[in-house]
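Below is one structure; the comments refer to it alone.
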Amino acid sequence: MTPIRPAALIAALILSPLMALAAPTPEPMRFTSQAIEMPTSDRIFPDGPGAEAVNNNCLACHSAGMVLTQPKLSKTQWTETVNKMVHVYKAPIDQADVQTIVDYLTALKPTP
């Protein structure tokens, strides 16, 4: 094992803070506002049991066309999807409407 020379140790102690000062300062983070234009549509969900709950809740974030062109999903899949909207994305859906929405979406026939 090589002994550490006192001169080398002193130099390291003096130069370490100077090296940190000489390092380039990272660019500060800059946040900017972004404008996003969402597509608009007058299309609503077809009449049927639960259509009002779906139109009142889902159209706040989704177009009817986007939902109506989804592949046929099972009741379990729609339940998971609606619960994800409520719990992950914080969609303001009244808990009393969740089952009505799931039943409506489960009964939908996808349109091409």
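All values below were derived from every heavy atom in this structure, side-chain atoms included, with hydrogens, water molecules and symmetry-related copies excluded.
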- side-chain hydrogen bond (donor to acceptor under 3.5 Å, both in side chains) against Q95, all qualifying residues, sequence neighbours excluded: none
- Query: D103 versus K75: any side-chain heavy-atom pair under 4.5 Å?
  - Reply: yes
- Item | Atom pair CG/NE2 of L68 and H62 - distance to nearest 0.5 Å | 12.0 Å
- Message: Just to verify, what does I44 make a side chain to side chain contact (heavy atoms under 4.5 Å, CB included) with, not counting sequence neighbours?
- Response: N55, L59
- Report the residues that fulfil side chain to side chain contact (heavy atoms under 4.5 Å, CB included) with T100, sequence neighbours left out, ordered by chain and then residue number. A53
- Apply side-chain hydrogen bond (donor to acceptor under 3.5 Å, both in side chains) to T76 and list each qualifying residue two or more places apart in sequence or on a separate chain. none
- Contacts of type side-chain hydrogen bond (donor to acceptor under 3.5 Å, both in side chains), residue T32, not counting sequence neighbours: Q34
- How many angstroms lie between atom CG of L105 and atom CZ of F45, to the nearest 0.5 angstrom? 6.5 Å
- Message: Just to verify, what does E52 make a side chain to side chain contact (heavy atoms under 4.5 Å, CB included) with, not counting sequence neighbours?
- Response: N56
- I93 versus N57, closest heavy-atom pair with distance: CA-OD1, 3.6 Å
- Note on the structure: With Y104 as partner, the option from P49, C58, P46 fulfilling side chain to side chain contact (heavy atoms under 4.5 Å, CB included) is P46
- Message: Strictly by salt bridge (Lys or Arg N to Asp or Glu O under 4.0 Å), give each pair with a member in residues 78-100 just once, sequence neighbours left out.
- Response: none
- Validation row: L73, T106 side chains within 4.5 angstrom (heavy atoms): no
- Message: Hydrophobic cluster membership, with links at side-chain heavy-atom distances under 4.5 Å among I/L/V/M/F/W/Y: are V67 and M85 in one?
- Response: no
- Return the minimal non-hydrogen interatomic distance between R43 and G65, and the atom names on each side. NH1-CA, 3.4 Å
